[in-house]
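What follows is a structure written as structure tokens; I'll ask about it next.
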Amino acid sequence: MATSSDYRLGEFTFPRGWFMVGESAEATSSPKAMRYLGQDMVMYRGESGQVYVTEAYCPHMGAHLAKNTTSYIVRDGEQVVGDSIRCPFHGWQFGPDGACKNIPYSDFVPKAAKLKTFPVVERAGTIWIWHDPEALEPNFDLPDFGGHYDAPGWVNWKIDFMGDLDIHPIEVVDNMADFGHFIPIHGAKDFVYFANEFKDHIVHQYYAAGHRTLVQNPEDVLTLDTWYTGPSILQSEMEGTFDSFILITHTPIEDGKIRVWHGLMVQVNDGTAPVTDELRAAALEYQEGSRLAFAQDVEIWQNKKACLNPLVIPNDGPYGKVRTWYKQFYNPRDKTPDLHKRTNGMHVTLDKRSSTQAA
């Protein structure tokens, strides 16, 4: 299993960024045990409806806050009180900010009695936390996913769990530069355009080509704008039989092990007419096609060895620039401006457009 140090990414083992930790339905008043970013965590939904994520272990005597079924605090349904969580061992109560606010048998509450907490955003049926090795506030926002969730004429995604992979996430992000895999892996044909644009914490992939299955007519061109926001959130606007919006995201579990999800929202009409059961079924079928296409990547990742130093050729695409761009999330923020200077701008791998198409 290759680690971050093997790839020489920077000072941090785990990157800075927003990371998905579950679907909305997974956050309830029963605390859920999770492990991400090399840390044991607990997620719960307070009585206000807000979701919280904290470290897993009580600072008092180290009890796990979620892995208990026999404590009377759990049996009596008294573990989540308001927006606070109680330790099942001694009942210490920790507020939304992580600070202990009550000890049932003591008027004295030590200031050190505090849980580490993570900034949480719930959006589009998914739950995200901000992780920063320097413990700094977010320096970029969680995307709004095109504003398509619950939008008229759009069918919301269901989230496809794609598995836990023993692979470093850089091997996934490499796909942003990987011009050569689209024909054998994804069924592209007759490429028209392929380019990457680097804009600070975002990298775009612009793509135009024919396709074996995702266009109606053999001469049609599938056009995609695909981009990463931060180290883990891939989004794509796709024009095809239906306009759609793709989410692919991965969250490190351990150094060299990731959890991967996929989702697709589909525009089935202009929003002035109801979304019928038939249109909803067509959207789900379209999502399944997208999932199967992504599963082709996943199969490769499941069975490849670590690629620390790719043997690249000029027509491969700008792997080196993608990896340099990616390093910003593994280094202190004061190094970020220099990395942006080294990567920001456009890199065109292929352009067969006419002058009118390019305009």
Parallel, tilted or perpendicular: ring planes of Phe191 versus Phe194, cut at 30 and 60 degrees: perpendicular

Ring geometry between Phe245 and Trp157 (parallel below 30°, tilted from 30 to 60°, perpendicular above 60°): tilted

Lys305 atom NZ: more than 12 heavy-atom contacts under 6.0 Å: no

Step-by-step side-chain hydrogen bond (donor to acceptor under 3.5 Å, both in side chains) determination, Asp83 to Ser48: CA-CA 7 Å; Asp83 278 18; Ser48 70; 2.6 Å; yes

Cluster link Met34 to Val121, ILVMFWY, side chain under 4.5 Å: yes

Parallel, tilted or perpendicular: ring planes of Tyr326 versus Tyr330, cut at 30 and 60 degrees: tilted

Ring centre gap for Trp154 and Phe145 strictly below 6.0 Å: no

Arg123 and Tyr149: CA distance, side-chain angles, deciding distance, side-chain hydrogen bond (donor to acceptor under 3.5 Å, both in side chains) verdict: CA-CA 9 Å; Arg123 183 167 295 163; Tyr149 196 83; over 6 Å; no

Joint hydrophobic cluster, Met265 plus Phe294, side-chain heavy atoms closer than 4.5 Å: yes

Over 12 non-hydrogen atoms of neighbours within 6.0 angstrom of CZ in Arg333: yes

Min side-chain heavy-atom separation Arg45-Glu122 under 4.5 Å: yes

Over 12 non-hydrogen atoms of neighbours within 6.0 angstrom of CG in Asp76: yes

Note, Tyr206 side chain near Met346 side chain (heavy atom, < 4.5 Å): yes

Neighbour count >12 (heavy atoms, 6.0 Å) for atom NZ, Lys189: yes

Plane angle bin for Trp92 and His60 - parallel if under 30°, tilted between 30 and 60°, otherwise perpendicular: parallel

Neighbour count above 12 (heavy atom, 6.0 Å) for Lys257 NZ: yes

Sidechain-backbone polar pair: Gln93 side chain, Asn102 backbone, donor-acceptor under 3.5 Å: no

Heavy-atom side-chain proximity of Ile300 to Asp297 below 4.5 angstrom: no

Residues Lys352 and Asp190 bridged, charged N to O under 4.0 Å: no

Side chain His131, main chain Pro15, donor-acceptor under 3.5 Å: yes

Heavy-atom side-chain proximity of Leu65 to Pro31 below 4.5 angstrom: no

Heavy-atom neighbours of Glu288 CD exceed 12 at 6.0 Å: yes

Side-chain donor or acceptor of Asp255 paired with backbone N/O of Ser4 under 3.5 Å: yes

Gln328 and Thr343, any side-chain heavy atoms less than 4.5 Å apart: no

Trp18 and Phe329 aromatic centres sub-6.0 Å: no

Worked verdict on Gln287 versus Asp160 for side-chain hydrogen bond (donor to acceptor under 3.5 Å, both in side chains): CA-CA 9 Å; Gln287 166 151 351; Asp160 299 310; 2.9 Å; yes

Enclosure of Tyr72 OH (heavy-atom neighbours >12, cutoff 6.0 Å): no

Glu285 atom CD, neighbour heavy-atom count above 12 within 6.0 Å: no

Ring-ring centroid check Tyr207 Phe182, cutoff 6.0 Å: yes

Side chain Asn196, main chain His204, donor-acceptor under 3.5 Å: yes

Polar side-chain atom of Asp144 near backbone of Gly146 as donor-acceptor pair, under 3.5 Å: yes

